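First comes the structure, then the notes that go with it.
Predicted, not measured: the structure shown is a model, and the values here were computed from it.
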Amino acid sequence: MTKLKLINIYLDGFRTCHYDKKPVPACPYAVGTEEHLYWIKGFEYAERVDKFLQGSLLPNQEVVS
């Protein structure tokens, strides 16, 4: 598997969560494969990004009134 292919798989997992708004990962790859690992990592990263964008503040950041 080439690195470029794995990056595309990672981005596919990210897109599934972030843009398609799927609540749970439904990975199209077999469990235990390298493709599955990258797809899940992309999905989980998108979940963290979405949570941050929904209102989490950075540490030591104050709200300006």
Between [atom1] on residue [X] and [atom2] on residue [Y], distance to nearest 0.5 Å:
X: Glu34; Y: Tyr38; atom1: CD; atom2: OH; answer: 5.5 Å
X: Ile9; Y: Thr33; atom1: CD1; atom2: OG1; answer: 8.0 Å
X: Glu44; Y: Trp39; atom1: CD; atom2: CH2; answer: 10.0 Å

* Quick check: are there more than 12 heavy atoms from other residues, nucleotides or ligands sitting under 6.0 Å from OH of Tyr45? ->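 Counting other residues, nucleotides and ligands, OH of Tyr45 stays at 12 neighbours or fewer.
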*Which heavy atom of Tyr10 sits nearest a heavy atom of Lys41, and at what distance?*
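Closest heavy-atom pair between Tyr10 and Lys41: CE1-C, 3.6 Å.
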**OP:** Could you tell me which non-hydrogen atom of His36 sits nearest to which non-hydrogen atom of Cys27, and how far apart they are?
**Re:**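 Between these two residues, the closest heavy atoms are ND1-SG, 3.3 Å.
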Donor-acceptor pairs are to be reported for all side-chain atoms of residues 16-25 against protein atoms at under 3.5 Å, with residues two or more places apart or in another chain.
unit_1: Thr16; atom_1: OG1; unit_2: Asp12; atom_2: O; d: 2.8
unit_1: His18; atom_1: ND1; unit_2: Asp50; atom_2: OD1; d: 2.5
unit_1: Lys21; atom_1: NZ; unit_2: His18; atom_2: O; d: 3.0

Find out if a path of hydrophobic residues (ILVMFWY) with successive side-chain heavy-atom gaps under 4.5 Å connects Ile7 to Leu37.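 Shared cluster, no.
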Are Leu6 and Ile40 connected in a single hydrophobic cluster, I mean Ile/Leu/Val/Met/Phe/Trp/Tyr linked by side-chain heavy atoms less than 4.5 Å apart?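 Yes, one cluster joins them.
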